[in-house]
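Structure first, commentary second.
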Number of protein chains: 2
Amino acid sequence: MVTLRDVARAAGVSPATASRALGNPDVVAAGTRERVLRTARELGYRANQAARALATGDSGMIGLVVPDIESPFFASIAKGVDARARELGSSVLIADTQEDAELEAEVAGRVQERVEGVILCSPRMGTADLGGLADLGPTVLINRESSDLPSVSFETPTGVRAALAHLRSLGHRVIAYVGGPHSAWADAERRSALHAVPGLRIVDLGHHRPVHDSGAAAVDTVMACGASAVLCYNDLVAVGLVRSLQSRGIRVPEDISVVGFDDIALATLTAPALTTVRLPWAAAGRVAVDLLLGAGEDAGEDAGEPAAGRAPRRVRLGVELVVRESTGVGPERAVPPLPEA
Amino acid sequence: MVTLRDVARAAGVSPATASRALGNPDVVAAGTRERVLRTARELGYRANQAARALATGDSGMIGLVVPDIESPFFASIAKGVDARARELGSSVLIADTQEDAELEAEVAGRVQERVEGVILCSPRMGTADLGGLADLGPTVLINRESSDLPSVSFETPTGVRAALAHLRSLGHRVIAYVGGPHSAWADAERRSALHAVPGLRIVDLGHHRPVHDSGAAAVDTVMACGASAVLCYNDLVAVGLVRSLQSRGIRVPEDISVVGFDDIALATLTAPALTTVRLPWAAAGRVAVDLLLGAGEDAGEDAGEPAAGRAPRRVRLGVELVVRESTGVGPERAVPPLPEA
DNA sequence: TTGTAAGCGTTATCAT
DNA sequence: ATGATAACGCTTACAA
């Protein structure tokens, strides 16, 4: 391995100068700089990042912990995180916790040892454990909020409201909600806005695992509950429901309308294409990086370690109702839309 | 920050002993060990991985470079890599090259600086550049082969053959191939087996970007070419084609059969569910890690730097035809299946 | 502008 | 079994 010393020696300068020429180009004489850079290139010098990290105390890496990298939205978050990190000169250490709350805590710790801070997506762990993360190192949450940690989440209540208003304006009056996991923060968020639109009866169809089959499994209760439209916890569930409805000979949206949540790629690939609430996952990833690395931070405050008495920074990203083909007119066609909230 | 020295001092031992107690537990006296471990815990000691890496020359990380982490198969590879790496005590540094061949080379270099070796998925770069990667550090390819680098790929020709034989046994005689990108190694692989099944006429429909819309765009040529069945470069294209066919009133599989490639989650969510060739992406990720880290390697050979004259290790994983609903009987119904190759 | 030298926190060699 | 001590490769005061 060719080290900085080798380059320095070959270029006839001290290691210090060689280091400067490489990392702080404008502080060394032009001639020297060129000479060093050239010899470095010739020798095929490659900086040892471990040594650099040790000397500077900056690993140049951030951690990203996700429950399941195969889930479309986590993949999107990863995309955003990676892109923003690269822009900022950082690398991304990723870890998949396999939806396991135990693993999550352990992994977050392990990752934190090697990075400047970690971005934790939709943590499955309990609130108590969440608090403990703060003193392992800077931590930013995505799709979950906590009193101790900075976070970026979504204006889901607004999204729910928009979906509900949309359905109402189409003439629907009783709407079913096929909920997410009982322990999911995001489900509680969605539920919190379920009654925000007046003139609607909401039928709560309970909690479901956020997978395709849950939608299929819910089809009987949906049909029995008397609703003319259904809001689902996420797109996967919605697609499962639509499929199952169709296989029963029930048409979407003619007989029943369905709305999803997330706007994953699948939402546009089904027939009918899914009306859904779009969450800006990749953007969330980018913002989380900024929060973590303190870009645009008000003052010298470390993410994850807020100054005493100061609330951690929380960002909520806007969502957007994307109307496609899975929603149509309901029983009471002739009703004008509610005024926009 | 609490360092090993702090722990050592507090425990009344030398840093060396403290280090041993932590990393090589059975070489220190039981009593000492307990004392050190306890104080370490009490003080909240967390090892500085950069220092460890510098001292041992092992970063404990591997790199994973993918064209697009949002693509289902790369996500699956990442899942496999992550899981296997964790089992082996390694962490995964990930980088998304955004389908950009330039970025790919640069990123691979950057990543290589911080890790023990990198796994490069479906590289978009040219063959020439590929060769240059070897001396940046150990490198393993996934879904591409090279004369210089170890790789794990798939027995796609077998898969093509199986798909073709399946269609033939259903009574199809002329089959269209909707190909992938002209530069894709995987497309060449698939094409290489296109004529392996006798008694079939193959209509080559040219190259297409591997996205949903390509399938939709290909619908006219498909219908014009006289084929009763279509083999697509991948599932996305296949689904696009099916959708487009259906919107023209053409039924799948009654009027035309469609086969995909990859077996992404989407393949089971469409109506009809897609018949496809399943590629074991996650397994490929795991194997790539093993190749990279030399687990099960014959001798002291570094991946990516094969001993002179010795061919790099290449693994080809088996594939499987998954028959679902998008393929049905063709014009010549009554024909018995070919004997299995 | 450049060089000297002192770390950064661990591990590993060599004595003891 | 444990303790000095010297690396590991780089950065960064501090001097010159």
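First the proteins, then the strands, lettered A, B, ... as listed; each starts at 1.
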**Asked** With distance as the sole criterion, is a donor-acceptor pair present between the side chains of A:Ser151 and A:Glu145 under 3.5 Å?
**Response** no
**Item:** No-hydrogen, no-angle side-chain donor-acceptor test under 3.5 Å, A:Ser90 and A:Glu116
**Value:** no
**Prompt:** Is there side-chain contact between B:Leu64 and B:Leu120, with at least one heavy-atom pair below 4.5 Å?
**Reply:** no
[X] and [Y] ion-paired at < 4.0 Å:
{"X": "B:Arg316", "Y": "B:Glu189", "value": "yes"}
{"X": "A:Asp68", "Y": "B:Lys79", "value": "yes"}
{"X": "B:Asp290", "Y": "B:Arg84", "value": "yes"}

Gap between atoms [atom1] and [atom2], on [X] and [N] respectively (whole Å):
{"X": "A:Asn24", "N": "D:dA13", "atom1": "CG", "atom2": "P", "answer": "11 Å"}
{"X": "B:Arg114", "N": "D:dG9", "atom1": "CZ", "atom2": "C1'", "answer": "15 Å"}
{"X": "B:Glu113", "N": "D:dG9", "atom1": "CD", "atom2": "C1'", "answer": "13 Å"}
{"X": "B:Asp58", "N": "D:dG9", "atom1": "CG", "atom2": "C1'", "answer": "16 Å"}

**Prompt:** With Watson-Crick and G-U wobble geometry limited to distances under 3.5 Å, how should the secondary structure of DNA chain C be encoded in dot-bracket form, using | for bases paired to another strand and [ ] for crossing pairs?
**Reply:** ||||||||||||||||
In a table with atom names and distances, give each donor-acceptor pair under 3.5 Å that connects a side chain of residues 6-13 of chain A to protein atoms at least two apart or in another chain.
{"unit_1": "A:Asp6", "atom_1": "OD1", "unit_2": "A:Arg9", "atom_2": "NH2", "d": "3.3"}
{"unit_1": "A:Asp6", "atom_1": "OD2", "unit_2": "A:Thr3", "atom_2": "N", "d": "2.7"}

**Asked** Between A:Leu292 and A:Ile119, is a side-chain contact (heavy atoms from CB on, under 4.5 Å) present by the stated rule, with each step listed?
**Response** CA-CA 8 Å; A:Leu292 193 62; A:Ile119 294 170; 3.9 Å; yes
**Message:** At under 4.0 Å between heavy atoms, how does the protein contact nucleotides 6-16 of chain C? Give one character per nucleotide, 5' to 3', with B, S or -.
**Reply:** -BBBBBBB---
